[in-house]
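Have a look at the structure below, then the notes.
Order of listing sets the numbers, starting from 1, for every ligand and every atom in it. This one's a predicted model, so the numbers in the text were calculated from it and none came from an experiment.
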Amino acid sequence: MIEIKKLNKTYHLKTGDVSAVRDVNLTIHDGEIYGIIGYSGAGKSSLVRCLNLLEMPDSGILHINDNPEIVIENGRTRLSERDLGRMRRGMGMIFQHFNLLDRSTVFDNIAYPLRYSGMSRKDIEARVMELLELVDLTDKRDVYPSQLSGGQKQRVAIARALANKPSVLLSDEATSALDPEATESILTLLRSLNQTLGLTIVLITHEMAVIKAICQKVAVMENGYVVEEGNVYDIFANPKEEITRRFVNSASPLSRVHKMLEEDNPLTRIKPGEMLVRLTFDRDCVGESVISEVSRSCGINLNIVLANVDIIDGAPLGGMVTVLSGTPENLEKALRHFERAQIKVRRLA
Ligand SMILES: Nc1ncnc2c1ncn2[C@@H]1O[C@H](COP(=O)(O)OP(=O)(O)OP(=O)(O)O)[C@@H](O)[C@H]1O
Ligand SMILES: [Mg+2]
């Protein structure tokens, strides 16, 4: 388990101070894929760099797995170099730009962190081959990074990060430089490493689609603070903060409706007696049969403009943008019916 308590980090620049991490408290359980999302400058990289003490926080408490609790005050900790090294080896890290050694082969890149571990050459060779197999790159052992695609480079970086058998992998925008197909394959690899090795993954991204694809938990950062946190499903079904809503919308095909409204698209143009609404069906609601039922029993018409069902963390989350038409009383009746069926309704026009 990783516990972060009251963590703070301020950079002191000539132009003034930048508080990059402010009073952050997080608990990440073993085996979780925990996402941290935020816009550029929110403090995501600072937070993970503080987590493995690549960057020394100003203050806070870090408790990582079975290591002794690290108390940091005034930018200092009493942890010995030995304990610090042990703690760092327990956490591998991967980056947006891979950070590979261009003049070394794939084999040597992966072997690099093992060089000073006291392992014999034979054991290193065996471990590297095992890692190459894990990331499906056995045929690339003797090539150089420049001869690899972006996705393959990230696989090498993942293998290198796992060389010392860490229990935690920190991933800082690891898919941001990749095309959608390579992103998909790296996310699939991360999910499978999480499942087969029980690896805990802390995954930083600015893309809600990445969170949706593989995370169970998510924290939203803004201005150094964690402003919202919880299960990915709950955050998608019920975002509370404005910034979270923006992220959730960015990953939803239904958010196209706002553009359609702006452009006065005929599909979203409503006439008197009509109402444009967005309906959200989460796993607790009665289901989409409600739609036909409402139409029948309340005497209204529903014209579907956009519809979508996502599977998030194994559970369905559906949404629909629809034009309702009928008498004011019947529309009112329909809205009450939706509410009773626990369907969330937001009026758009
Ligand atoms: N080494 C540093 N020295 C000074 N200021 C820094 C340093 N690293 C980050 N900052 C500042 O701290 C704030 C948070 O930066 P950070 O890199 O943690 O954000 P981020 O959320 O990772 O952004 P991005 O999505 O662009 O990677 C920013 O205002 C940034 O300019
Ligand atoms: Mg960053």
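Looking at A42 next to ligand 1, an N or O pair under 3.5 Å apart turns up. Among the atoms of G43, some N or O lies under 3.5 angstrom from an N or O of ligand 1. Not a single N or O atom of L13, backbone or side chain, sits closer than 3.5 Å to an N or O atom of ligand 1. Residue contacts with ligand 1: E55 is placed with no nitrogen or oxygen under 3.5 Å of a nitrogen or oxygen of the ligand (distance criterion only).
With respect to the salt-bridge test (charged N to carboxylate O, under 4.0 angstrom), the residues D58 and K6 do not qualify. A salt bridge between E130 and R127 is present, with a side-chain N of the basic residue lying under 4.0 Å from a carboxylate O of the acidic one. One finds a salt bridge joining R245 and E242 here, because a Lys/Arg side-chain nitrogen approaches an Asp/Glu carboxylate oxygen to under 4.0 Å. Ionic pairing of D172 and K44 is not present here: no N-O contact between side-chain nitrogen and carboxylate oxygen is shorter than 4.0 angstrom.
Nearest to atom 25 (O) of ligand 1 by heavy atom, out of R49, E173, K44, H206, is K44. Considering G38, S45, G41 only, the shortest heavy-atom separation from atom 17 (O) of ligand 1 involves S45. Residue nearest to atom 16 (P) of ligand 1, selected from S40, S46, G224: S46 (by heavy-atom distance).
For atom 30 (C) of ligand 1, no protein non-hydrogen atom is found at a distance below 4.0 Å.
Every atom of ligand 1 with a heavy atom of A20 under 4.0 Å away is listed here by number and element: 12 (O), 13 (C), 14 (C). With ligand atoms numbered from 1 in the order given, ligand 1 contributes 21 (O) to contacts under 4.0 Å with heavy atoms of Y39. For ligand 1, the atoms sitting less than 4.0 Å from at least one non-hydrogen atom of V18 are 11 (C), 12 (O), 13 (C), 29 (O), numbered in the order shown with element in parentheses.
In summary, an N, O or S atom of S45 is located under 2.8 Å from the Mg ion (ligand 2).
With 3.5 Å as the limit, one finds a donor-acceptor pair spanning the side chains of S167 and N65. Checking T10 against D17 by side-chain atom types alone, no donor-acceptor pair falls below 3.5 Å.
Summarising the geometry of D142 relative to T105, their closest heavy-atom pair is O-CG2, 3.7 Å, with the distance given to 0.1 Å. The two residues I235 and V248 come nearest to each other via the heavy atoms O-CG2, 3.8 Å.
Counting only heavy atoms of the protein, atom 3 (N) of ligand 1 lies nearest to Y11 CD2, 3.5 Å.
A continuous path of Ile, Leu, Val, Met, Phe, Trp and Tyr side chains, each step under 4.5 Å between heavy atoms, connects V135 with M129, placing both in one hydrophobic cluster.
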